[in-house]
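Here the structure comes first, spelled out in structure tokens, and everything after it is commentary.
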Amino acid sequence: MTAQPAKKLLVLPGDGIGPEVMREVGRIITWLEEKRGLSFEITEDLVGGASLAEYGEPIRDEVIEKARAADAVLFGSVGDPRWNHVGFEKRPELAILKLRQELALFANLRPAKVFDALVDASTLKPDVVRGLDIMIVRETVGGIYFGNPRGIETLPDGSKRGINTEVYTTSEIERVARVAFDLARKRSGRVCSVEKCNVMESGLLWKEVVTDLHTREYQDVELSHMLADNCAMQLVRNPRQFDVIVTGNLFGDLLSDLASMLTGSLGMLPSATLGAPGANGKTPALYEPIHGSAPDIAGQGIANPIAQILSFAMLLRYSFDLQEEGQLIEDAVSNVLASGLRTADIMSEGMARVGTSVMGEAIVRELDKFQK
Ligand code: NAD
Ligand code: IPM
Ligand code: MN
């Protein structure tokens, strides 16, 4: 048997709870190396406020190049109120926005899956969320986040005008819709495309392009369309009606935070952001929880590490086709939750409240049980 080349990971913990939850992934990486014979070559670097403190900018070009060279990027979270004074052009959040843009990571997969043990953790009724398994595919390099014109201008009377522009082209819509249709084929075969074609031309084009692509190539998948405001309501009313949701950058951001509460907490929802396969056959990919740096709880050791850990499980599955190891991690998380351990954000009566590192340790101990 020839030795597998080491898997090259760029790890970017970032700010706030980012480094705290990333530490718990570190334990799992060590476990995989020791117990499953996998080999990772890990480079770590600074992004966000942490990079501003050291280098005066939210992300260095050098880090973008390291991300390009890696097999996969594991990202924590960025954002730190202590850097509010640096101005919009230097804000910590630019780190993740630049990485998405520079690596053309256009398809952000945000799965909202309810673990049986957490059915009661959602603020919705158990009957509404039990068994929920949906996938939100959010476009991440276009739309109003990046459209021009943008800026703040001063009007002749001295007052100001803030401008952002929602822009989508045919090819931008088509490539993300293709990801959604392909995923649906491996799931329950249904895609719901979400926009506001009743108000926005970009939404009208979105709907047309998705419909055309469906007619041409994906008639085996069931396609429906929904206005974004209705989708927000339907996600709370009856989330299990959905399988795959495909939508633009801003709507996807909002709807996925909403969907996270169906699973019990923002601290539970992982994501994978993928680009198009390059000439070398490698698909650029970045994995991150959908939550932010949570400055309100940072430094207390109480953050839920599960979204970060499940993002790493997605990394194993999508970037290295390590389905078995991905499944082991997801099963370990599920068993630990079933045993009654809870971080504060998913705590409920009768359960045992633990901090970040005890939760991480318990997941590794559970992995040990599978490996006998
Ligand atoms: P947030 O996601 O950081 O936190 C929202 C709420 O959820 C907070 O009450 C927080 O304590 C809680 N929460 C989040 N993750 C948790 C976890 N793992 N365990 C337990 N509780 C958790 O959103 P915010 O407060 O609006 O933003 C804070 C900063 O993070 C901002 O600077 C924002 O721009 C940034 N942000 C970054 C990313 C990213 O890096 N990808 C994502 C979202 C927000
Ligand atoms: C997310 C975050 C980011 C976004 C911010 C930090 C730029 O909210 O990943 O969901 O809006 O995309
Ligand atoms: Mn967000």
Output the distance between atom CZ (R138) and atom CG (L250), rounded to the nearest 0.5 Å.
8.0 Å
Are I306 and L367 connected, step by step, through hydrophobic side chains (Ile, Leu, Val, Met, Phe, Trp, Tyr) whose heavy atoms are closer than 4.5 Å?
yes
E195 CD to M226 CE distance, which is reported to the nearest 0.5 Å:
10.5 Å
Does the pair L274 and L105 meet the rule for a side chain to side chain contact (heavy atoms under 4.5 Å, CB included), with working shown?
CA-CA 5 Å; L274 310 175; L105 302 167; 5.8 Å; no
With sequence neighbours excluded, give me every ring pair (Phe, Tyr, Trp, His ring centres under 6.0 Å) pair touching residues 111-158.
none
Which pairs pass side chain to side chain donor-acceptor pair (under 3.5 Å) with one or both residues in residues 70-80, sequence neighbours excluded?
D80-R82
Determine which pairs satisfy ring pair (Phe, Tyr, Trp, His ring centres under 6.0 Å) with at least one residue from residues 347-366, sequence neighbours left out, and list them in order.
none
Report, as yes or no, whether the 6.0 Å neighbourhood of atom NZ on K98 holds more than 12 heavy atoms from other residues, nucleotides or ligands.
no
Check this for me, if you would: do E330 and K113 make a salt bridge, where the nitrogen-to-carboxylate-oxygen distance has to be below 4.0 angstrom?
no
Full working for side chain to side chain contact (heavy atoms under 4.5 Å, CB included) between V246 and V176
CA-CA 8 Å; V246 62; V176 74; 4.3 Å; yes
Note, N108 side chain near V137 side chain (heavy atom, < 4.5 Å)
no
Between V129 and V119, the two heavy atoms sitting closest are CG2-O, 3.9 Å
Here the pair of heavy atoms bringing S293 nearest to G79 is OG-O, 2.6 Å
Would you mind checking if E57 and K90 are paired as a salt bridge, meaning a charged N to carboxylate O distance below 4.0 Å?
no
Can you tell whether the side chains of D45 and R60 come within less than 4.0 Å, N to carboxylate O?
yes
Output, in order, the C-alpha distance, side-chain angles, deciding distance and verdict of salt bridge (charged side-chain N to carboxylate O under 4.0 Å, His left out) for R178 and E217.
CA-CA 9 Å; R178 207 177 278 286; E217 295 179 36; 2.5 Å; yes
dist L9:CG -> L74:CG (nearest 0.5 Å) comes out at 7.0 Å
Can L32 be reached from I363 by stepping across I, L, V, M, F, W or Y side chains whose heavy atoms are under 4.5 Å apart?
yes
Determine which pairs satisfy ring pair (Phe, Tyr, Trp, His ring centres under 6.0 Å) with at least one residue from residues 46-87, sequence neighbours left out, and list them in order.
W83-H85
For A298 and I17, which heavy atoms make the closest approach, and how far apart are they?
CA-CG2, 3.8 Å
For a quick test of reading the model, state the closest non-hydrogen atom pair linking S260 to I290 and the distance between them.
CB-CD1, 4.2 Å
How about L155: does its CG atom have over 12 heavy atoms from other parts shown lying under 6.0 Å from it?
yes
Can you find a heavy atom in the side chain of L255 that is under 4.5 Å from one in the side chain of C231?
yes
So do the side chains of D243 and V191 get within less than 4.5 Å of each other, counting heavy atoms only?
no
Donor-acceptor pair, side chain of E54 and main chain of G56, under 3.5 angstrom:
no
Hey, what do you get for OH (Y318) to CG (L109), rounding to the nearest 0.5 Å?
5.0 Å
Residues, nucleotides or ligands: over 12 heavy atoms within 6.0 Å of E33 CD:
yes
Heavy-atom side-chain proximity of R150 to T165 below 4.5 angstrom
no
Got a sec, which pairs hit ring pair (Phe, Tyr, Trp, His ring centres under 6.0 Å) with one end in residues 159-181, sequence neighbours left out?
Y168-W206, F181-H214, F181-Y218
Determine, for R161 against E153, whether the closest basic-nitrogen to carboxylate-oxygen distance falls under 4.0 angstrom.
yes
From the options E324, Q323, E325, select the one residue that forms a side-chain contact (heavy atoms from CB on, under 4.5 Å) with D321.
Q323
Any donor-acceptor N/O pair, T356 side chain to A303 backbone, under 3.5 Å:
yes
Rounded to the nearest 0.5 Å, the CG atom of N304 sits from the CG atom of L269 at a distance of 11.0 Å
Using modelled atom types and a 3.5 Å cut-off, is there a donor and acceptor pairing between side-chain atoms of Q371 and backbone atoms of K35?
yes
Under the criterion side chain to side chain contact (heavy atoms under 4.5 Å, CB included), I'd like the reasoning laid out for T140 against D253: C-alpha separation, chi angles, the key distance, then a yes or no.
CA-CA 9 Å; T140 25; D253 184 41; over 6 Å; no
Which of these, P13, P289, S311, P305, sits in a side-chain contact (heavy atoms from CB on, under 4.5 Å) with M22?
P13
Quick one: are R23 and R27 in side-chain contact, heavy atoms under 4.5 Å?
no
Are E41 and K7 within salt-bridge range, i.e. N to O under 4.0 Å?
no
Quick test of your reading of the model: are R130 and D116 salt-bridged, counting only N-O distances below 4.0 Å?
no
With the 4.5 Å side-chain cut-off for hydrophobic clustering, are L315 and V364 part of the same group?
yes
What's the shortest heavy-atom distance between N164 and I144, and which atoms?
CB-CG1, 3.7 Å
Residues that Q327 engages under side chain to side chain donor-acceptor pair (under 3.5 Å), provided they are two or more places apart:
R317, D331
So, do L205 and T169 sit near enough that their side-chain heavy atoms are less than 4.5 Å apart?
no
Interatomic distance, CG@D61 vs CZ@R68, rounded to 0.5 Å, equals 9.0 Å
Assigning hydrophobic clusters by single linkage (Ile, Leu, Val, Met, Phe, Trp, Tyr; side-chain heavy-atom cutoff under 4.5 Å), is L223 placed with M135?
yes
Do the side chains of E288 and R100 get close enough for a salt bridge, i.e. N-O under 4.0 angstrom?
yes
Are the side chains of D133 and P111 in touch, meaning some heavy atoms are under 4.5 Å apart?
no
Candidate pair E174 and R216, rule salt bridge (charged side-chain N to carboxylate O under 4.0 Å, His left out), full reasoning
CA-CA 12 Å; E174 215 174 88; R216 288 198 320 270; 3.2 Å; yes
For R185, I'd like to know if atom CZ has over 12 heavy atoms of other residues, nucleotides or ligands within 6.0 Å.
yes
Cluster question for you: counting only ILVMFWY and a side-chain heavy-atom cut-off of under 4.5 Å, with indirect links fine, are L266 and L310 together?
no
Let's go through Y287 and T273 carefully: what are the C-alpha distance in whole Å and the side-chain angles of both, what is the deciding distance for side chain to side chain contact (heavy atoms under 4.5 Å, CB included) to 0.1 Å, and is it a yes or a no?
CA-CA 6 Å; Y287 301 83; T273 322; over 6 Å; no
Side chains of R190 and Q241: do they bring a donor and an acceptor to under 3.5 Å?
no
Does the side chain of I29 reach to within under 4.5 Å of the side chain of F312, using non-hydrogen atoms?
yes
For C197 and L227, which heavy atoms make the closest approach, and how far apart are they?
N-CD2, 3.8 Å
Donor-acceptor check, side chain of T30 to backbone of G26, threshold 3.5 angstrom: yes or no?
yes
